[in-house]
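Heads up: the structure comes next, in structure tokens.
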Amino acid sequence: MSAATMVSSAGGLLAMLNESHPALKVHALSHLNSHVHFFWPEISDSVPLIESLSEDEHFIQRPLAALVVSKVFYFLGELSDSLSYALGAGSLFDVSEDSDYVRTLLAKAIDEYVSLKTKAAEANDDSAVIDPRLEAIVERMLDQSIAEGKNHQTIGMAIECRRLDKLEQAVKSSDNVPATINYCIDVAHSFVNRREYRLEVLRLIVKVYEELSSPDYLSICQRLMFLDEPEAVASILEKLLRSDNLDDALLAFQIAFDLFENEHQAFLLKVRDHLPSPKLQSSVPVQSSEPAQPESTTTTPTGLAATSSEDVPMTDGASQTESIATLADPSEAIYSERLTKIRGILSGETSIQLTLQFLYSHNKSDLLILKTIKQSVEMRNSVCHSATIYANAIMHAGTTVDTFLRENLDWLSRATNWAKFSATAGLGMIHCGHLQQGRSLMAPYLPQGGAGGGGSPYSEGGALYALGLIHANHGEGIKQFLRESLRSTNVEVIQHGACLGLGLAALGTADSEIFDDIKNVLYTDSAVAGEAAGISMGLLMVGTASEKAAEMLAYSHETQHEKIIRGLALGIALTVYGREEEADTLIEQMTRDQDPIIRYGGMYALALAYRGTSNNKAIRQLLHFAVSDVSDDVRRTAVLALGFVLYSDPEETPRIVSLLSESYNPHVRYGAAMAVGISCAGTGLSEAISLLEPLTSDVVDFVRQGALIAMAMVMIQTSEASDSRVGTFRRQLEKIILDKHEDTMSKMGAILASGILDAGGRNVTIKLLSKTKHDKMSAVVGLAVFSQFWYWYPLIYFISLAFSPTALIGLNHELKVPKFDFLSHAKPSLFEYPKPTVVPTATSAVKLPTAVLSTSARAKAAKARITKKEAEKAQEKGDTSSGKSKASDKDGDAMQVDSTADKKPESEPSFEILTNPARVVPGQEKFIKFLEESRYVPVRSAPSGFVLLKDLRPDEPEELSLTDTPSSAAATGQQQGSATAMAVDEDPAPPQPFEYSS
């Protein structure tokens, strides 16, 4: 048919619409509907006529007329009108039709429906009227999607449309419900911006989980933690603990460890307290089966030794004896024993003790780095002197190894005033987690009764701060002592330390009595004590969105002290941690304040309220302030705050701040560097390193400082084999530290960066998200307060809250650490420890052949055979060559010469056998596998962290690891029991005596 014929036929059909007989009109509309994509320009002239037919109540095919009009409006680009008439077409609008017209209008319908549902939800108006025809189309679309098995698509639409009934239907109808639920959880966390609605989705998911024949209790408990329902978690744990099946008890322990990883002290203690005690007949004191804490000794900067004492009270919430009963039912005795163990996990004692032992036994700190820093720092530069003390504390965080301090007592004793405060507090970071011995370790420095006791107030204040660091987020036993210390002194320095210590120990507990004690210090209007009080009030009330924030804000307007206002501004921001839209009113109030310090607090409030959400509204607000505020402090903080909002999506941060990193304003550049450091911490992300590299050579000293610290945060636990820029960065740090002409700010940044790179004996990383993608509250809070070191250096120690051990620690049902091997299917060099630094020699000696005893060669060959056998068991493919020397050893006692000329190049194995417990860095996790035929199988497959193990051969004897306990060296200055701590002397030490037998 020619074009002219088609046009004439269209004209004829349009003419029929004027006929009086309805059948002719229906005939014309049917043909026009079929060919509207050809004739829409001609039909558009008759749209008013067709519209009148669609509105004529006596016309039998009104829906057909509406459909034709809808299609014409679609081609005219009037989508709103097109959708309106499509709704009038009713069932004639076929949602299953595969055409551009239907797809476009369905998208428009969903957008319209979502907009109306969201407005109704935000206005809390359930009676808001939505066109039932629109609702019908959306429902038809969701039903069709469910029928076709497009579960992911349905979940996305149902969540967006706030149709939880359809969401439940989609999840239950899927072939793999657990996998669909996990997808649903990811969508809820990634795309649901409103916290309240996200919690509704999670409640539905918990309901679906519980209806499954075999519920995934690990996931259920994680969701219940999001929902803040400790009673429900306790109920599940009790059910598992009372089970006759040992695997259920192991699962309960695993759940407790996973909950502990999220670092929500208040929630964990509520779960612990809701667990019912066993039913007893009579009570008999029995020695607890909990592992005893190790004794420890430390030497003070004044040279005194402090030893743990038997009569120091057990002040961490767990008594040494527990009434395990004469029970009516033997099962109650089993429950009682399991209950003791799980309470130890939930209170943190078990986890912290195991972490402490791991960090101590695997400590690889390189003291030569510290010695180099110390020698290059001139004593007249107190900033670099203090930075060296900070770096040592960071480098040995949690290891209990204070060798460097003891070997440099004279140098350390030169610290005065606040430097002495910081030096004493550093001991708290080194011994963090030493819950049982914490108080006795710090005893020589603590206030000795009364209002001071004659010691230096700076060391006494530092000691109270140190106790907070030792008991951070687990302060049940030390809170009372810190409260008494705070109440019994009027010295502002001691009050400063006590406030910080209390805030750390009682983190997030919202204890009203402690709050009143701290508030009393605030109201003395002392600048020094008031600053710490403001921060401490925020730490105490973190995430509570308490009305006390209004009280703090009111006082910040009354006081004249800038330090107090700044402390309160940060404290207020901490109270709205994780509250998202609930915090909008307070954020609006703070960001509109005339005082730039309050606006600065508003930036932190935005950062912490929307932490890890990648919320577009929060990002837009922060970017607005980053480029428009008149205060450099506010602009710097607005950019830095982006790091907290984006840490769950670290790849986005370098892209978003790339232009800001080239700003003319150095404060904005500094903020960009720190934002990347915070959000990309521990990732080794190439884009982050590329953005930071030019900033480490910035023309402004404090920008260089921020970039060096941020680079260390990104590169922590990244090996030189993974990224060659790590080695380049280490050499750059050394060059800056040794350069006498380098400015103080850059030097301080380089010293701190050296500490962060090797933090925790090279066995910790910085993690803001747990394995279950829950934010680690104390880690986020720790980095937020750490970033305040711009104003107050002692707050550097808060970075220890963000440290997370890079370890896989497998545990049996007794919560002991059995020795067994597992596989890292990657080249060992990719994830090995950094090589120890060596003292450079003035003369270069000629390289001679290396002498190797034949016994050494045989031992090496035997080890290689074992490794090869293990690899074959695991049926892993790869190069199993161990690169061993094949020199002849016919003469058993002869000394062989391994000539470099004759030696063939060694090929590196493609795998590594690790022994529990082992260092497993984040990048290595995807290569971790349990060996086939292994005695132990994990309850939940996990490449790192605490992993509960099923014993497949329980009748065989077990060999245990982690039996060494952290013990500080005696006052002689010799490190006892820590072969891994690399002590440094001026000259090489002579070899140990040995006997040689022929």
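Keep in mind that what you see is a predicted model, and the values were worked out from it rather than measured.
Leu752 CG to Met713 CE: the interatomic distance, rounded to the nearest 0.5 Å, is 11.5 Å. Distance CE/Met395 to CG/Leu757: 8.5 Å, rounded to 0.5 Å. Atoms CD1 and OG, on Ile342 and Ser347 in that order, are 11.0 Å from each other to the nearest 0.5 Å.
The cationic atom of Lys364 (NZ for Lys, CZ for Arg) lies less than 6.0 Å from the six-membered ring centre of Tyr833 and within 45° of the ring axis.
Just one residue in the list Tyr465, Tyr445, Trp418, Phe421 forms a ring pair (Phe, Tyr, Trp, His ring centres under 6.0 Å) with Tyr458, and that residue is Trp418. A side chain to side chain donor-acceptor pair (under 3.5 Å) with His396 is found for one member of Thr400, Asn392, Thr399 and no other, namely Asn392.
The pair Glu407-Lys374 fails the salt-bridge criterion, with no side-chain N (NZ, NE, NH1 or NH2) lying under 4.0 Å from an Asp/Glu carboxylate O.
Using a distance-only test at 3.5 Å, with no hydrogens or angles considered, a donor-acceptor pair links the side chain of Asn812 to the main chain of Glu814. Proximity of a side-chain donor or acceptor of Thr806 to a complementary backbone N or O of Asn763 within less than 3.5 Å is detected. With hydrogens and angles disregarded, a donor-acceptor distance shorter than 3.5 Å links the side chain of Asp511 to the backbone of Ile514. The closest donor-acceptor contact from the side chain of Asn408 to the backbone of Leu412 lies at 3.5 Å or more, if one exists at all.
In summary, the side chains of Arg919 and Gln717 do present a donor paired with an acceptor at a separation below 3.5 Å, with no hydrogens or angles considered.
Here the two rings, on His434 and Tyr360, have centers that are 6.0 Å apart or farther.
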(Q) Show, in sequence, the C-alpha distance, side-chain angles and deciding distance for Arg343 and Glu349, and conclude whether the salt bridge (Lys or Arg N to Asp or Glu O under 4.0 Å) test is met. (A) CA-CA 9 Å; Arg343 282 178 171 167; Glu349 295 161 34; over 6 Å; no

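Sorted by first and then second residue, the side chain to side chain donor-acceptor pair (under 3.5 Å) pairs involving residues 496-509 (not counting sequence neighbours) are His496-Trp792.
Every side-chain contact (heavy atoms from CB on, under 4.5 Å) that Ser787 has, sequence neighbours left out, goes to Tyr604, Leu640.
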